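First the structure, in the form of structure tokens, and then the observations on it.
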Amino acid sequence: MPDLEPRTGELLAGGAAPAASPHPLARDARRRWWRSAVIYQIYIRSFADGNGDGVGDIAGIRSRLGYLASLGIDALWINPWYPSPMKDAGYDVADLRGIDPRFGTLAEATAMIAEAHELGLRVLLDLVPNHLSSEHPWFQAALAAGHGSEERARFIFRPGRGTDGSEPPNDWQSTFGGPAWTRVTEPDGVPGDWYLHLFAPEQPDLDWSSPDVRAEFERTMRFWFDRGVDGFRIDVAHGLAKANGLPDVGSLTWPPTPGDPVEHPHWDLDGVHEIYRGWRALADSYADPRVFVAEAWVIGRPERLARYVRADELHTAFNFDFLFTPWLAADLRSTIDDAIAAHEAVGAAPTWVLSNHDVAREVSRYARPQGVRRLRHLSDLLDLPADFHLGMRRARAAALLMLALPGSAYVYQGEELGLPEVEDIPDELLRDPTWEQSGRKDRGRDGARVPLPWSGEQPPYGFSPAGATAAPWLPQPGSWRELSVEAQTGRVRSMLELYRAALRIRRRNPALGDGRLSWLPSPDGVLSFAREPHFTCIVNLGADPVPVPPASRMLLCSGALTSAAELPSDTAIWLER
Ligand code: GLC
């Protein structure tokens, strides 16, 4: 098993530990910790299963907090754990202020938050404000109350088009495939209004012009903040406002194609920002300010993304442009420059993210030819040739690049193990609604959600306790024996030890985390930049080895240097000058 020694020291890279700190989090209470933090994403149903039912839970998280603390991260973000019919893995929330019994109880959640704090780890939850579950009492009441009711005003109900209303109100499509509207049967048994769902039909969109909706989410945030939660990841942060009159999308695409007008009828409308200004005021009303990170899929428009992180709005936003940038030096450099410039203009720190539960894992993305097309889901990868050894080399180098960039970074569970996307989950086991809603064309996101391998020789690889009554909810590949935490611990060239070393260095080195970077001269295909004081990162994305500057000391390297002590292709190095 990994070293479970809890960490109680520094929270910010480079900060010196105080002589005697009353509490691990007290030291940085007034500092803007989120500008430097490394935040670990826990996809709860696949992290660790404490009760043996094959589904991860809070008991599992609590049993692994020591692992997380010793990994060297600063905070956790936990995907939705609220009561849910699980039509979209918990993003269909039936009770905003409860815990799904499959995951545990509110008492366990509160205890977990306190235990994480004791280990110096902050805790972010997932807030899902764009929609509720169709099982939520509000939606059930809206169905029962009928056309024109106050209950329906919390959602987006509209009459259909055509003489008998049998056509959807507009041409909007669900993100998972198919129309974004479903027609209801009215209480009197006749077909009636349609309701909007930008995701699954079981996820009706809320109407953010409703005062009830606003009050309910404020109440929810306070509820969790009062239980010690340090902040929220805001699900679909770019979706809450819809254009007046709900005009057709027509030929507009999302992400937009260059030359498209800025305004899309339901993504990234200016109306979202006033909502976030209110939330910021609420978060700032706490003595130890609470923070937000926006999940806003505003791709290729860094200056629009930066609007979410203006001084009086959300603190940070995922930088998905970085995740989507192919493993090509010039592309990465311009993505990095654009993100830094756009964030600097509003005084925010950029974030860096390589993967999450919605995209194919980066080992598998980087295993494919780069720059051919945007690689997002498994379906974008399947027809491209794969070299997984190469994918792993690149993922190792990408980790050192990401952790050396100015700002905060996200690590999706299993990324530190170098897990690949699972590409061969049998059709009948796929759970992502994308699979059915796309007419079984898009295999969806399950390949990135397979339960973690912790230890042992065979499934469930320590994910569930001995004597578990059920197999993991998605099958783990046999090859994951080699990738378990236990198998990688102490193996010098393992991905896990690379992450541990990188995070250890990052925490101690004052040059890393928040701050600036300056590019250094480098050949084509090579990224080289300095962070002050005395830190250099070089990433070789070119075909040939490149010399390592003399008079520098190697701190960490993602692969072995050549016999001529040069930095090989697809390798990154951290140096002290
Ligand atoms: C976000 C979540 C994703 C979910 C969707 C709908 O994009 O990350 O998993 O399906 O929102 O809530």
Side-chain angles (χ1 to χ4, degrees), residues 39 41-47 56 77-96 100 124-136 139 155-156 172-178 180 196-206 208 217 220 232-240 242 254-255 266-268 272 292-299 305 308 314 317-320 323-324 351 353-361 376-379 410 412-413 415 421 430-438 442-450 473-474:
I39 300 167
Q41 179 189 350
I42 294 190
Y43 192 69
I44 180 167
R45 55 176 42 241
S46 300
F47 182 68
W77 149 39
I78 303 173
N79 286 101
W81 58 8
Y82 318 109
S84 165
M86 303 288 168
K87 298 293 181 193
D88 182 23
Y91 282 97
D92 46 328
V93 180
D95 174 0
L96 293 159
D100 192 282
L124 309 184
L125 300 185
D126 216 314
L127 189 71
V128 189
N130 182 67
H131 42 262
L132 291 174
S133 161
S134 52
E135 300 290 313
H136 189 285
F139 193 71
F155 298 91
I156 303 180
W172 297 4
Q173 295 293 298
S174 157
T175 305
F176 297 150
L196 177 70
H197 51 86
L198 290 180
F199 294 88
E202 296 86 356
Q203 293 168 298
D205 277 50
L206 288 162
W208 272 86
F217 276 84
T220 299
F232 287 103
R233 174 252 192 199
I234 310 299
D235 189 61
V236 196
H238 58 315
L240 272 47
K242 276 84 180 174
W254 196 262
H266 61 76
W267 294 134
D268 191 31
V272 298
F292 298 110
V293 52
E295 188 225 18
W297 291 91
V298 180
I299 308 296
L305 183 65
Y308 290 78
L314 306 177
F318 293 115
N319 176 359
F320 293 128
L323 185 158
F324 284 135
T351 70
V353 54
L354 289 170
S355 70
N356 62 33
H357 65 293
D358 289 328
V359 298
R361 286 190 177 274
R376 178 169 179 170
H377 289 163
L378 175 57
S379 300
Y410 284 82
Y412 174 45
Q413 66 178 45
E415 187 174 324
E421 182 80 358
L430 292 174
R431 303 279 190 85
D432 184 349
T434 309
W435 173 236
E436 292 297 343
Q437 269 185 247
S438 69
D442 187 335
R443 302 190 69 77
R445 304 161 290 178
D446 289 322
R449 300 175 174 183
V450 173
W473 70 280
L474 285 174

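Each ligand, and each atom within it, is numbered from 1 in the order the structure gives. Small disclaimer: the values here were computed from a predicted structure and weren't measured. For the numbers below, each heavy atom of this structure counts, side chains included, while hydrogens, waters and symmetry mates do not.
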Examine the proximity of ligand 1 to [X] and report which part, side chain or backbone, both or neither, has a heavy atom under 4.0 Å away.
| X | value |
| --- | --- |
| His197 | neither |
| Phe176 | side chain |
| Arg233 | side chain |

May I ask you to decide whether Asp446 forms a salt bridge with Arg431, counting only side-chain N to carboxylate O separations under 4.0 Å? no
Test your reading of the model: is there a side-chain donor-acceptor pair from [X] to the backbone of [Y], 3.5 Å cut-off?
| X | Y | result |
| --- | --- | --- |
| Ser84 | Asp92 | yes |
| Arg445 | Val359 | no |
| Glu295 | His238 | no |

Quick one: which ligand 1 atoms are inside 4.0 Å of a heavy atom on [X]?
| X | value |
| --- | --- |
| Arg449 | 9 (O) |
| His357 | 2 (C), 3 (C), 8 (O), 9 (O) |
| Arg445 | 3 (C), 4 (C), 9 (O), 10 (O) |
| His131 | 6 (C), 12 (O) |

Identify the closest protein heavy atom to [atom]: which residue and atom is it, and at what distance?
| atom | value |
| --- | --- |
| atom 7 (O) of ligand 1 | Glu295 OE2, 2.7 Å |
| atom 9 (O) of ligand 1 | Asp358 OD1, 2.7 Å |
| atom 10 (O) of ligand 1 | Asp88 OD2, 2.6 Å |
| atom 1 (C) of ligand 1 | Asp235 OD1, 2.7 Å |

Pairing donors with acceptors under 3.5 angstrom, does anything connect the side chains of [X] and [Y]?
| X | Y | result |
| --- | --- | --- |
| Asp235 | Asn130 | no |
| Trp435 | Asp442 | no |
| Asp126 | Tyr91 | yes |

Got Trp208 and Phe217 here, is their nearest side-chain heavy-atom distance under 4.5 Å? yes
